[in-house]
Amino acid sequence: MPIHNKLEISRRDLLVSSAATVVVAGAAGGAAAQQAGNEMSLSSKVSLTVNGARHELDVDNRTTLLDALREHIHLTGTKKGCDHGQCGACTVIVDGRRVNSCLTLAVMHEGGQVTTVEGLGQPGNLHPIQAAFVKHDGFQCGYCTPGQICSSVAVLEEIKANIPSHVTGDLTAQVELVPAEIRERMSGNICRCGAYSNIIDAISEVAGIRA
Amino acid sequence: MKAFTYERASSVEAAAQAAGSNPNAKFIAGGTNLLDLMKLEIETPTHLIDVNGLGLDKIEATSDGGLRIGALVCNTDLAAHDVVRRDYGLLSRALVAGASGQLRNVATTAGNLLQRTRCPYFYDTAQPCNKRAPGSGCSAIGGFSRQHAVVGVSDACIATHPSDMAIAMRTLDAVVETRNKDGVARTIPIADFHRLPGDTPHIETVLERGEIVTAVLLPPPIGGRHIYRKVRDRASYAFAIVSVGAVIQADGKGRFAVGGVAHKPWRLDAADAALPGGAREAASALLADARPTEQNKFKIDLVERTLGAIINEARG
């Protein structure tokens, strides 16, 4: 990795780590400690495939998927908003499903496939949702936009996959592709600038429906 | 967040043993609530046992005609399951009324039951809270208590359980299946799974150290109209002020449980029995022992009105 990573484990953390390792091993005792012996470290190796590229990381166990993407893999398109799963700015697609990357640990995704906003499209080769956000002015400051875009892509897939929502009428019928379904499903992505109506316009256009 | 060691459990037995032998260990599944609380250092485990690889993510028919829902089935998959939609519609409705699409893709069935309260004083580490710091006092009693419990409360705690799913599980008489650190399985009716706060509000369930939830069992379908109605401060992605889950039969009989009013899903046999008499009678029976605060006594009326709307909808 060419850029020195400031979040790499410090000497002090390492000392804390060694001490904690002893404490935990002592508490566990006997066979359990031996069995788990290789795992008793405050950091772990994990391999992730992000936007098609494989990354082998050695991360502090506390590292969220969000921080792994931003600080270790240096994909800063994914944003840290609230860091508590309330705003949706950190939304990425993991193994085909949208998640809040701030509320999951990188080490929990060994072998996982992650798609971030950078992987959906790039300038000159935008994903249809990205192009529609530009066309419909689906943002103002842009901070929530990568999360909005990842969510939008997944929302259309979720409707296609017949996953129900709070506004779905008949649970046993195919979910309808209507603006109310899109609005409800986008409620986990907050936009402080209030670009919501343009965001719905953008998604609706890609969905082929009238907002 | 405090530092912790991490292991991926290789089996249910190994996970239970690892948790049973270390009082500072926690299971992690979806992690959406646990990591939130760890960031705030309200939860400070020194060891995490990742149970995601244990194969507990299946939904299967049981021999008695019911359903066995693996502990790790995520909220999205449970809500979208064909049999759940057809025969246990209340459960689908409650699930999709909760959280956001991103969270439901990760949050698990067991984790949903085990999530902690969203009482703002529990979350504010600068405030006394008997649930977070036993013996320190309750800031909600005498504080801002609009969101808090009105029934089953104690002088130590008036927090609510935040789950929507649990309201449906309680209405449907679900049973929680567990395995302990010695490999012994047991089943716990959902009614007995969560505890009332009493003078130990930090102990929220009857689970013992090292005991792991393996599944939630649903009895055979009971028919009827399945209706979940959630009253909240915004139309989506907010916790309930009051929620009511009900299954109403054609003859007007039925059952219902209420969320947002207690430390656990609130359902009483006497209230179910009063259901044919209408919302006022049933809600009065359910909340006969209520001890609301000045700020949340409106919930008493709100439960009756929400139940009334459900009864009307079931007739329509």
Side-chain angles (χ1 to χ4, degrees), chain A residues 13 16-17 20-21 23-25 27-33 35-36 38-44 60-62 64 83-86 88 90-91 94 97-100 102-105 107-108 110 147 151 154-155 158 161-168 171-172 183-190, chain B residues 1-10 14 17-18 20-25 28-36 38-40 46-50 52-53 74 76-77 79-80 82 84-86 89 92-93 95-107 226 230 234-238:
Chain A
D13 280 345
V16 172
S17 160
T21 305
V23 169
V24 172
Q35 186 189 357
N38 297 333
E39 310 281 349
M40 293 295 168
S41 164
L42 295 189
S43 64
S44 302
D60 184 307
N61 293 334
R62 290 172 289 188
T64 59
D83 209 24
H84 285 275
Q86 296 172 6
C90 67
T91 303
V94 179
R97 291 200 159 174
R98 58 179 169 145
V99 306
N100 296 122
C102 76
L103 281 189
T104 189
L105 297 171
V107 293
M108 293 165 68
E110 172 62 33
S151 236
V155 159
E158 287 166 14
N162 200 26
I163 291 167
S165 85
H166 181 58
V167 300
T168 301
L171 280 176
T172 57
R183 279 195 200 96
E184 160 61 24
R185 288 162 198 268
M186 291 298 291
S187 71
N189 292 83
I190 309 296
Chain B
M1 199 188 299
K2 299 283 191 195
F4 55 86
T5 52
Y6 170 87
E7 71 176 294
R8 290 184 194 102
S10 54
Q17 276 171 18
S21 61
N22 182 352
N24 298 314
I28 187 164
T32 54
N33 186 221
L34 180 60
L35 289 169
D36 182 27
M38 285 171 65
K39 288 180 183 195
L40 297 165
T46 57
H47 183 61
L48 285 187
I49 303 157
D50 185 340
N52 282 294
C74 77
T76 298
D77 288 344
D82 285 341
V84 176
R85 289 157 92 145
R86 188 190 66 206
S92 275
R93 293 288 183 202
L95 282 161
V96 296
S100 66
Q102 290 97 313
L103 291 167
R104 291 193 295 269
N105 279 343
V106 175
H226 288 227
K230 181 174 181 180
R234 58 184 184 194
S236 183
Y237 199 20

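Order of the sequence lines sets the chain letters (A, B, ...), proteins ahead of strands, with each chain counted from 1. The figures here come from the full heavy-atom set of this structure, side chains too, leaving out hydrogens, waters and symmetry mates.
- No side-chain heavy atom of B:D50 sits less than 4.5 Å from a side-chain heavy atom of A:L105.
- No part of B:A25 comes within reach of chain A, as not one of its non-hydrogen atoms sits under 4.5 angstrom from that chain.
- In terms of modelled atom types and a separation under 3.5 Å, the side chain of B:N24 and the main chain of B:T46 share no donor-acceptor contact.
- Nearest heavy-atom pair across A:L42 and B:A3 is CD1-CB, 3.5 Å.
- Contact count versus chain B (heavy atoms, under 4.5 Å) is highest, among A:E110, A:R183, A:R97, for A:R97.
- For A:S165, the part lying near chain B is the backbone, with the side chain staying farther off; criterion is any non-hydrogen pair under 4.5 Å.
- Heavy atoms of other residues, nucleotides or ligands lying less than 6.0 angstrom from CG of A:N162 number more than 12.
- Here B:D77 is the residue among B:D77, B:L48, B:L34 with the most heavy-atom pairs under 4.5 Å with chain A.
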Inset, instruction - In sequence, state the C-alpha distance, the side-chain angles, and the governing distance for A:E158 and B:R104, and then conclude on side-chain contact (heavy atoms from CB on, under 4.5 Å). - result: CA-CA 12 Å; A:E158 287 166 14; B:R104 291 193 295 269; over 6 Å; no
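- Note on B:N52, B:N33, B:L40: by heavy-atom pairs under 4.5 Å with chain A, the leading option is B:L40.
- Summarising the geometry of A:G188 relative to B:S100, their closest heavy-atom pair is CA-CB, 3.6 Å, with the distance given to 0.1 Å.
- The candidate with the highest count of non-hydrogen atom pairs below 4.5 Å against chain B, out of A:V155, A:T64, A:L171, A:I190, is A:L171.
- The shortest distance between side-chain heavy atoms of A:H166 and A:S187 does not fall below 4.5 Å.
- Proximity to chain A (any heavy atom under 4.5 Å) is restricted, for B:I28, to the side chain, taken from C-beta onward.
- When heavy atoms are compared at a cutoff of 4.5 Å, B:A29 approaches chain A solely by way of its backbone atoms N, CA, C and O.
- Interface summary for chain B: among A:A154, A:C102, A:G88, the most heavy-atom pairs under 4.5 angstrom belong to A:C102.
- Using a 4.5 Å cut-off between heavy atoms, B:K2 touches chain A through its backbone atoms (N, CA, C, O) alone.
- For the side-chain contact (heavy atoms from CB on, under 4.5 Å) test, residues two or more places apart in sequence or in another chain that qualify with B:A238 are B:R232, B:R234.
- Chain B forms the most heavy-atom pairs under 4.5 Å with one residue out of A:V94, A:I163, A:T104, and that residue is A:I163.
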